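The next block holds one structure in the form of structure tokens; read it before the comments.
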Amino acid sequence: MSDARAPDTGRRIALVDVNCFYASAERAFDPSLEGRPLVVLSNNDGCAVTRSPEAKALGIPVGEPWFKIAPRVKEWGLVARSSNYELYGDISSRVMELLGRYSAWLEVYSIDEAFLGVKGTPDELLQLGHTIKAAVRRNVGVPVCVGIANTKTLAKLANKWAKNNPGLNGVCHWDAMPAQAREALMRRLSVIELWGVAGRLTKRLNGLGIHSILDLANADPVRIRERFSVVLMRTVLELQGTPCIPMEEERIGRDQLIFSRSFSTPITTAADLRQVMSVYAQQASARLAKHGLQAKVLNAFAGTSHYNPLDTSYPTVTVTLPLPTADPVLLTKASHALLPRLQEGIKYVRAGIMVTDLRPSGRQAPLPVFANPHEERGIGTLLEDISRKYGRGSVGLGHAGIRGGPDWSMERSMLSPRYTTNWDELPLVRAA
Amino acid sequence: MGIVIGPRVIDAGTSLLSVLISPVRVAAGYPSPAQDYFDGRIDLNEHLIKDITSTYVVRVSGDSMEGAGISDGDELIVNRALDPKDGSVVIAVLDGELTIKRLRITASGVVLQADNPRYPDIRVPDLSDLVIWGVATRCLHHV
């Protein structure tokens, strides 16, 4: 499947992601949960968002409402936990910081997954994958799987295969698989299993006789672009081994929002990064307000360039916000917690923030003044507008976010302690 | 400055974490005499945490480690990345619980000891039968 025209430089992409992230984070501090069916519930304890393998084996589907699971808790010996975003945010930033030590090219893709640029022979890269897996397990305490391939789409697929095939021990290198095995896998998996292919797309693809991933890989990219979109064409090309999915700058996940960007000129001082962080915080604020959401946890991160492997630095920080908020001032403040972690003089080419623990703000979006954050040129003007309207450092904006937050009413009856972010809730070790 | 995006910064007031700053120069007078000697305050993180990805703080519950100067309610700094050695104070998983013990690796086997004669030793056939969660590096003893 690999593109025979392109010279093989040994550059590959590794997708590292934490297995059943929320459940694994809970288990890292509560070993009694090991081996038991465990579900982590969404905000307000609504439904199961993460299931441990044991819970999956019981046939509990993702998104299963808690009221349907609750009556069978005893029978199953099942444990449920409310979402502990402070904990997940901190574990996530530890994982990302650690991953940054293994590659000078890191793209935080979501709270529990990152793409790494790697280089080497298939054997070396398999070895690296196992090293990374062991290091995350040992240092942070959570299990990961690693998928390695020539493109992001194939790295995702390799990762999926690593997860579902115990024989691989959590690491799969696409190039190290026999061609027949790759084809058999792609023939067996439906296109819906593919990264970036949504459900409604699947129906239309099926209409054209494209059912399996292999069908799509064998499709004509030009025809796919004509019938669908350039996005799906890229997927086809990536399946054929041509890397063409660029870094994304803004992503909205199920329960997180990420803003990140590479800079054309590196940033070397905290003062400059402070500005960048401020922009992302404003963007996140605008985005949250638009969707009527507030966030409780913010992660901020920065990274150095892969062209400069000598001075690598991947500082990260997790901040628990005093209240759920979409307020730009609070988010900005929180993002600045990254600044003391910078190494002055090192060239950072990438930075971003991620907000998690999102919940409805329970009131009308208070900041209509924010426009589309895609228009980066508009941001300066927006901020000027705001300062003009509310005054520099105005607390008026802050109040909009602080007042009437629905935090008190949030049901989290099965919340574990905030083991790593709250001094009063440290893990207890038995001295007996 | 050379950043692709160059917006106005909203004044966010003081940062959530206080950043180390040196004494401010007096605008119209002499510089503070302390200026040249100020290297920043002692940062406990820098001295107590070797690796931020693998270090956790835990709290002790019980008196079985009194002999090691580790009391009920003390906080411990635990590094998960360290290899446990003979004599290490470790956090081991026993019956699904994080438990603090002193690890003894001898020719006759592996023993988890309390530093308090009231608690018996626990013999383990082999180190691989044991889940060591982390190795304690410091005790923040309440005096």
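Scope of the values below: all heavy atoms of this structure, side chains included, with no hydrogens, waters or symmetry mates. All values derive from a computational prediction rather than experimental measurement. Protein chains get the first letters and strands the later ones, always in sequence-line order, with residue 1 at the start of each.
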Requested in this report: Tell me, with the steps shown, if A/L426 and B/V58 meet side chain to side chain contact (heavy atoms under 4.5 Å, CB included).
Outcome: CA-CA 5 Å; A/L426 296 176; B/V58 302; 5.6 Å; no
Query raised in the report: Do B/R59 and A/L428 pass the side chain to side chain contact (heavy atoms under 4.5 Å, CB included) test, and can you show the C-alpha distance, the side-chain angles, and the key distance before you say yes or no?
Result: CA-CA 5 Å; B/R59 185 165 288 128; A/L428 289 180; 3.8 Å; yes
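Nearest heavy atom pair, residue A/A432 against residue B/T99, reads O-CG2, 4.4 Å. Across all their heavy atoms, B/Y56 and A/V140 have their closest contact at OH-O, 2.8 Å. Of all heavy-atom pairs between B/V93 and A/P31, the closest is CG1-CB, 3.5 Å.
Looking only at distances, a side-chain donor or acceptor of A/R94 sits under 3.5 Å from a matching main-chain atom of B/T55.
Listed options A/T269, A/T268, A/L98, A/L331 were ranked by heavy-atom pairs under 4.5 angstrom with chain B; first place goes to A/L98. Highest contact tally toward chain A, considering only B/D63, B/V131, B/T53, B/L98, is held by B/T53 [criterion: heavy-atom pairs under 4.5 Å]. In terms of heavy-atom pairs under 4.5 angstrom with chain A, the leader among B/E97, B/M65, B/K101, B/R118 is B/E97.
Atom CG of residue B/N79 and atom CZ of residue A/R138 lie 9.0 Å apart, to the nearest 0.5 angstrom.
Contacts of B/I91 with chain A are made by side-chain atoms alone, with heavy-atom separations under 4.5 Å and no backbone atom involved. Heavy-atom distances place no part of A/L33 under 4.5 Å from chain B, backbone and side chain included. Only the backbone of A/R137 comes within contact range of chain B, with heavy atoms under 4.5 Å apart. Of the atoms belonging to B/E75, it is side-chain heavy atoms, and not backbone ones, that fall under 4.5 Å from chain A. Contact of B/V57 with chain A is made through backbone and side chain together, with heavy-atom distances under 4.5 Å. For a residue to count as touching a neighbouring chain, one of its non-hydrogen atoms must lie under 4.5 Å from one of that chain's; by this rule A/A270 does not touch chain B.
A salt bridge does not link A/R430 with B/D95: every distance from a Lys NZ or Arg NE/NH1/NH2 to an Asp or Glu carboxylate oxygen is 4.0 Å or more.
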